[in-house]
Visitor: 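I'd like to ask some things about the structure below.
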Amino acid sequence: MGIELAGQIKADLAALANEAQRLAIAPSVDMATPAAHTDFSFAQTMKNAIQGVDAQDQAAAVKMADVDSGKSDDLVGAMLASQEASLSFSMLMQVRNKVMGAMDELIKLPV
């Protein structure tokens with residue numbers, strides 16, 4: 001079981017590395033079509049991530065409320081949704097902490 005899991009992780013890492021390399025050497029988007037080119041916004045990316053985590057939390061809350069009220073008997077699905085929302089929130093907090101740490105380091109740099 002452990003060997004199979006390690007193999008799957010290695011395969012996933014290799015696929016991610018191949019995709020990253022493909023994106024790095026892909027030709028740039030034609031600037032003549034402004035609809036195809038969108039600027040990267042860290043703030044918008046973080047807002048989207050927060051909205052996604054919030055949506056997962058709300059969906060988990062609805063599933064738990066349905067189980068509590070007897071509308072649903074999918075306790076396993078409700079627990080999985082709750083754990084997924086919790087993990088998503090934890091990941092978001094880790095990203096936030098890394099960004100804040102990086103900002104603190106930038107502030108401390110001498111000019």
Visitor: Applying the 4.5 Å side-chain criterion to the ILVMFWY set and letting contacts propagate, would V99 and V53 be lumped into a single cluster?
Guide: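 Shared cluster, yes.
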Visitor: State the CG-CG distance between L87 and L92, to the nearest 0.5 angstrom.
Guide: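 Nearest 0.5 Å value for the CG-CG distance: 12.5 Å.
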Visitor: Working to the nearest 0.5 Å, report the span between CG of D66 and CG of L75.
Guide: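 With rounding to 0.5 Å, CG (D66) is 12.5 Å from CG (L75).
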Visitor: Are V67 and D73 close enough that some pair of their side-chain heavy atoms sits under 4.5 Å apart?
Guide: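 The answer is no; the side chains never approach within 4.5 Å.
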Visitor: Judged by atom type as modelled, is there a donor-acceptor pair below 3.5 Å linking the side chain of S69 to the main-chain atoms of A65?
Guide: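 Yes; judged by distance alone, with no hydrogens or angles, the pair exists.
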Visitor: Going by side-chain heavy atoms closer than 4.5 Å, which hydrophobic residues are tied to M91, directly or by a chain of links?
Guide: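 Cluster partners of M91: none, it stands alone.
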Visitor: Are N48 and Q44 side-chain neighbours, meaning at least one heavy-atom pair lies under 4.5 Å?
Guide: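 They are in side-chain contact.
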Visitor: Any heavy-atom pair between the side chains of D54 and Q51 that's under 4.5 Å?
Guide: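 Q51 does not reach D54 side chain to side chain.
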Visitor: CG/L80 to NZ/K63 distance, rounded to the nearest 0.5 angstrom?
Guide: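 Between L80 CG and K63 NZ, I get 8.5 Å after rounding to 0.5 Å.
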Visitor: Taking the hydrophobic residues Ile, Leu, Val, Met, Phe, Trp and Tyr, and joining any pair whose side-chain heavy atoms are under 4.5 Å apart, which ones share a cluster with M100?
Guide: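 Joined to M100, directly or through intermediates: none.
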Visitor: Report whether F42 and M93 are members of the same hydrophobic cluster (ILVMFWY, side-chain heavy atoms less than 4.5 Å apart, transitive linking).
Guide: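 Yes, same cluster.
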Visitor: Just so I know, are the side chains of F89 and D57 near enough to count as touching, which here means a heavy-atom distance under 4.5 Å?
Guide: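 Heavy-atom side-chain distance check fails, nothing below 4.5 Å.
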Visitor: First locate atom NZ of K47, then atom OG of S41, and finally report the distance between them rounded to the nearest 0.5 Å.
Guide: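 The NZ atom of K47 sits 7.5 Å away from the OG atom of S41.
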Visitor: Do M64 and M79 have side chains that approach each other closer than 4.5 Å (heavy atoms only, starting at C-beta)?
Guide: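 A side-chain contact under 4.5 Å exists here.
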